[in-house]
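Below is one structure, written out as structure tokens; the observations come after it.
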Amino acid sequence: MDTLLVSWDRFWIAAGARQPAPGLLAELLLAWTEPHRHYHNLQHLAECLSLLEAHAHLAKSPAAIGLALFFHDAIYDPPAQDNEARSADWARQALGAAGFEERFIEQVADMILATRHATQEAEGDTALLLDIDLAILGANPHRFAEYEAQVRAEYAWVAEPAFRTARAQLLRSFLARPHLYRTAAFAELESRARGNLDTALRTLENTSDTAEHEAA
């Protein structure tokens with residue numbers, strides 16, 4: 001928690017705005033600790049900020065990336081389709097109230113919206129942010145397995161067959177991309193990420209085949 005507080009203060013100071021509204025950070029952290037979160041929680045935020053710390057020298061505006069990370073999953077309702085848009089709106093309101101310039105606010109909001117990962121087109125700080133957000137795909141096998149279990153827990157309300165189908169479709173869409181990472185700094189994760197995704201996909205497919213066999 002102390003690391004998060006230090007990062008938060010550093011980003012605000014580096015961005016050159018006056019102090020945020022009292023209680024904003026507490027409100028954000030409370031959102032990140034909602035009980036339905038199992039992956040999109042403070043562990044994920046802390047992992048992202050740690051990666052930014054290690055790669056800040058590659059960023060034009062580490063403060064913009066950092067604030068985008070604090071807000072990028074601030075609103076997370078698994079059944080909803082507008083989490084990123086609502087998180088970006090929260091960032092716009094909060095940064096505007098703190099006196100940031102409109103150009104900076106929109107830069108942060110655009111990066112938050114980019115975490116929908118709907119397109120591979122990104123460059124500069126946005127590319128670095130997206131690689132940080134997807135670094136979990138290239139995590140060591142133990143952490144990746146934990147991540148997969150955490151995602152399943154967030155979708156506990158979805159029946160197993162429907163979850164397997166949707167999850168497999170998502171994993172295939174990632175594997176179909178010519179590359180998962182956009183920056184040279186994260187390119188070393190590409191091979192392990194693809195191996196993790198392939199293993200997870202085969203597990204889903206094998207589980208589905210077993211269920212169908214037992215039902216026959």
Side-chain angles (χ1 to χ4, degrees), residues 1 3-4 7 28-29 31-56 58-59 62 65-78 80 83-84 87-88 111-120 122 125-156 158 163-164 166-204 207:
M1 186 66 71
T3 301
L4 296 180
S7 296
L28 274 171
L29 295 182
W32 279 90
T33 55
E34 292 168 325
H36 64 272
R37 295 171 181 256
H38 299 272
Y39 171 67
H40 296 87
N41 55 21
L42 289 180
Q43 179 188 20
H44 172 53
L45 177 58
E47 288 174 341
C48 286
L49 292 174
S50 178
L51 287 169
L52 174 58
E53 183 74 23
H55 298 89
L58 302 176
I65 298 176
L67 291 176
L69 287 172
F70 266 100
F71 280 97
H72 82 288
D73 285 324
I75 293 178
Y76 182 68
D77 177 18
N83 291 316
E84 293 84 2
S87 295
M111 284 194 282
I112 294 169
L113 292 172
T115 62
R116 291 178 290 195
H117 298 286
T119 176
Q120 288 190 277
D125 283 0
T126 299
L128 181 57
L129 171 82
L130 294 179
D131 281 1
I132 288 172
D133 194 33
L134 287 184
I136 187 65
L137 301 182
N140 65 69
H142 175 76
R143 176 66 183 106
F144 183 80
E146 180 185 41
Y147 154 71
E148 283 289 291
Q150 290 170 329
V151 170
R152 182 65 185 103
E154 287 184 340
Y155 287 87
V158 179
F163 176 82
R164 287 198 303 267
R167 188 66 180 168
Q169 182 177 6
L170 176 63
L171 298 186
R172 289 191 194 96
S173 72
F174 276 119
L175 286 168
R177 296 183 177 189
H179 53 81
L180 295 167
Y181 300 102
R182 301 162 176 82
T183 65
F186 284 82
E188 64 182 26
L189 296 180
E190 185 80 23
S191 178
R192 186 161 65 186
R194 289 188 176 277
N196 284 337
L197 291 170
D198 184 64
T199 297
L201 180 58
R202 284 188 284 107
T203 298
L204 288 169
T207 301

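Numbers here are sequence positions counted from 1.
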May I ask you to test the [X]-[Y] pair for a side-chain heavy-atom distance under 4.5 Å?
{"X": "Ile136", "Y": "Tyr39", "result": "yes"}
{"X": "Leu201", "Y": "Leu175", "result": "yes"}
{"X": "Phe144", "Y": "Arg192", "result": "no"}
{"X": "Val151", "Y": "Arg167", "result": "yes"}
{"X": "Phe186", "Y": "Leu180", "result": "no"}

For [Y], does its backbone N or O pair with a side-chain atom of [X] as donor and acceptor, under 3.5 Å?
{"X": "Ser173", "Y": "Leu170", "answer": "yes"}
{"X": "Arg37", "Y": "Ala31", "answer": "yes"}
{"X": "Ser7", "Y": "Thr3", "answer": "yes"}
{"X": "Glu154", "Y": "His40", "answer": "yes"}

As an exercise, state the distance from [atom1] of [X] to [atom2] of [Y], rounded to the nearest 0.5 Å.
{"X": "Leu197", "Y": "Phe174", "atom1": "CG", "atom2": "CZ", "answer": "7.5 Å"}
{"X": "Ser50", "Y": "His55", "atom1": "OG", "atom2": "NE2", "answer": "9.5 Å"}
{"X": "Leu113", "Y": "Glu84", "atom1": "CG", "atom2": "CD", "answer": "8.0 Å"}
{"X": "Arg164", "Y": "Gln169", "atom1": "CZ", "atom2": "CD", "answer": "15.0 Å"}
{"X": "Leu204", "Y": "Arg202", "atom1": "CG", "atom2": "CZ", "answer": "11.0 Å"}
{"X": "Ile132", "Y": "Glu47", "atom1": "CD1", "atom2": "CD", "answer": "12.0 Å"}

So which atom in [X] and which in [Y] form the shortest heavy-atom distance, rounded to 0.1 Å?
{"X": "Ala114", "Y": "Thr126", "answer": "CB-CG2, 3.8 Å"}
{"X": "Ala185", "Y": "Leu58", "answer": "CB-CD1, 3.5 Å"}
{"X": "Ile112", "Y": "Thr115", "answer": "O-OG1, 2.5 Å"}
{"X": "Ile65", "Y": "Ala59", "answer": "CD1-CB, 3.6 Å"}

task = Before accepting this row, confirm whether a basic side-chain N of the pair Asp198/Arg194 lies closer than 4.0 Å to the acidic partner's carboxylate O.
result = no
Test side-chain contact (heavy atoms from CB on, under 4.5 Å), reference Met111, set Asp125, Leu130, Leu128, Leu67, output is Asp125
Residue set satisfying salt bridge (charged side-chain N to carboxylate O under 4.0 Å, His left out) with Asp77, at least two apart, ordered chain then number -> none
List, one per line, each side-chain donor-acceptor pair under 3.5 Å for residues 68-75, sequence neighbours excluded.
from, atom 1, to, atom 2, distance (Å)
His72, ND1, Leu69, O, 2.6
His72, NE2, His44, NE2, 3.2
His72, NE2, Asp133, OD1, 3.3

Report task. Inspect the surroundings of CD in Glu34 and state if more than 12 heavy atoms from other residues, nucleotides or ligands are less than 6.0 Å away. Result -> yes
_Students often mix this up, so state it plainly: with edges at 30° and 60°, are the rings of Phe163 and Tyr155 parallel, tilted or perpendicular?_
tilted
Side chain to side chain donor-acceptor pair (under 3.5 Å) pairs touching residues 174-186, sequence neighbours excluded, are Asp131-Thr183
For this session: Starting from the C-alpha separation in whole Å, work towards a yes-or-no answer on side-chain contact (heavy atoms from CB on, under 4.5 Å) for Leu42 and Leu29.
Result: CA-CA 8 Å; Leu42 289 180; Leu29 295 182; 3.8 Å; yes
